[in-house]
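What follows is one structure encoded as structure tokens, with my remarks underneath.
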Amino acid sequence: DKDGLYRRYQAEQILRKEARTQSLRELRHQKHDLMTEAKVQARLKRSLIKQLDCDRLSKRVLYHQTGAALHVDMQTVHERHRAGCKQLIQNAKPLAWFDWLASQAAMNDEAALAALRRRKHRAQRHANCLLGTIRGHGMAVMPGWSVDSVTKQGTIIYREGKSAIRDSGECLEISTGTTQAGLEIALSMAMQRFGSYITLSGDAAF
């Protein structure tokens, strides 16, 4: 139920935004309280200095030190407030739709996982692919081709020059600009994987 999933996504983003707003408000209150406390402490120090039995020059030095300490305290409060806001915004920033689906799928949400897989299948249908029924045995690397990388989804990427083949197990996706020789190798790999009945999916030129 994609509509139901999307409503859940929207509701969670609203709650996420409200929680962030509330946390920012609390940080502002905390900043105000700390600044007020620092000013009160500075006033108390000045009152004590005023009552000291010492010469005017000594009092002036003490007043200056109190003012400098207050300036440092206020600067520290401002810096901590900025750091707290930055960290909060980073941790509570809105999630994109597919990022949210991925986070839900990681928590064993079967509906979210199914939505992600449907998206993957739709993307494959738009690509230039060779598909068929897997015959149940592996596929050896063809001469001249090597494994370039393996994705987190288990897709093996073979590459030779500008030509590339993405093997997801269910289909062989052919990169744009693959040469004629690359296409022939891809067909050989598809026959090895799927047998002689192969489905083509992609644009008219392919």
Side-chain angles (χ1 to χ4, degrees), residues 1-124 126 147-157 159 164 166 168:
D1 182 3
K2 182 178 178 181
D3 290 339
L5 271 176
Y6 197 71
R7 284 194 295 271
R8 277 176 51 200
Y9 162 73
Q10 290 179 313
E12 288 192 20
Q13 296 314 297
I14 291 173
L15 291 175
R16 195 179 183 91
K17 182 178 180 180
E18 291 175 349
R20 183 180 63 181
T21 301
Q22 177 62 27
S23 296
L24 287 172
R25 187 180 297 114
E26 291 174 359
L27 283 175
R28 284 196 298 270
H29 289 324
Q30 183 181 33
K31 173 187 173 183
H32 178 268
D33 291 343
L34 290 173
M35 291 175 65
T36 300
E37 182 181 354
K39 292 175 182 178
V40 168
Q41 292 298 323
R43 282 197 297 269
L44 288 174
K45 289 179 182 178
R46 292 191 185 100
S47 297
L48 292 173
I49 293 171
K50 188 176 181 180
Q51 298 173 17
L52 290 176
D53 185 16
C54 60
D55 59 79
R56 180 178 296 180
L57 179 61
S58 297
K59 286 187 177 182
R60 183 176 297 177
V61 171
L62 291 172
Y63 282 133
H64 176 74
Q65 291 176 345
T66 300
L70 176 61
H71 177 74
V72 171
D73 289 343
M74 299 291 278
Q75 188 174 6
T76 301
V77 170
H78 281 293
E79 289 176 354
R80 288 180 178 175
H81 176 72
R82 284 195 294 268
C85 290
K86 183 178 179 180
Q87 185 67 32
L88 175 63
I89 292 173
Q90 182 177 355
N91 292 338
K93 62 183 179 181
L95 287 177
W97 165 239
F98 290 112
D99 291 336
W100 180 82
L101 284 177
S103 68
Q104 295 300 303
M107 294 187 289
N108 300 319
D109 188 322
E110 294 183 2
L113 181 59
L116 283 174
R117 288 177 173 172
R118 283 196 300 271
R119 174 177 178 250
K120 178 182 178 183
H121 292 158
R122 284 196 300 271
Q124 288 175 344
H126 288 297
V147 176
D148 180 73
S149 59
V150 180
T151 70
K152 293 180 180 179
Q153 290 75 32
T155 299
I156 303 172
I157 301 176
R159 191 177 300 278
R166 296 174 59 89
S168 65

Check: Is any side-chain heavy atom of R8 closer than 4.5 Å to a side-chain heavy atom of D109?
Finding: yes

Checklist line | Closest non-hydrogen atom pair between A38 and M74, with its separation | finding: CB-SD, 4.4 Å

Item checked: Any donor-acceptor pair under 3.5 Å from Y6 side chain to W97 backbone -> no

Item checked: Gap separating the CG atom of L88 from the CD atom of Q22, nearest 0.5 angstrom -> 11.0 Å

Checklist line | Nearest atoms (heavy-atom pairs only) where A105 meets A112 | finding: N-CB, 3.9 Å

Note to self: Working to the nearest 0.5 angstrom, can you tell me the gap between R60 CZ and D55 CG?
What the structure shows: 10.0 Å

Next item on the list: Taking all non-hydrogen atoms of both residues into account, name the closest pair between I157 and R166 and its distance.
Entry: CD1-NH1, 3.3 Å

Item checked: Pairwise distance NE2(H78) to CE(M35) - rounded to 0.5 angstrom -> 4.0 Å

Next item on the list: Looking only at non-hydrogen atoms, find the nearest pair between W100 and Q13 and report the distance.
Entry: CD1-NE2, 3.9 Å

Check: Hey, what do you get for CG (L15) to CD (Q10), rounding to the nearest 0.5 Å?
Finding: 12.0 Å

Notebook entry, point to check: Taking atom CD of E110 as the centre, does the number of heavy atoms from other residues, nucleotides or ligands within less than 6.0 Å exceed 12?
Noted result: no

Note to self: How long is the straight-line distance from CG of L95 back to CZ of R16, given to the nearest 0.5 Å?
What the structure shows: 4.5 Å

Notebook entry, point to check: Roughly how far, to the nearest 0.5 Å, is CG of L62 from CG of L52?
Noted result: 6.5 Å

Check: So which heavy atom on C85 is nearest to which on L24, and how close?
Finding: SG-CD2, 3.9 Å

Notebook entry, point to check: Where the side chain of K59 meets the backbone of K50, is there a donor-acceptor pair that is under 3.5 Å apart?
Noted result: yes

Checklist line | Least distance between heavy atoms, A42 atom then L70 atom | finding: CB-CD2, 3.9 Å

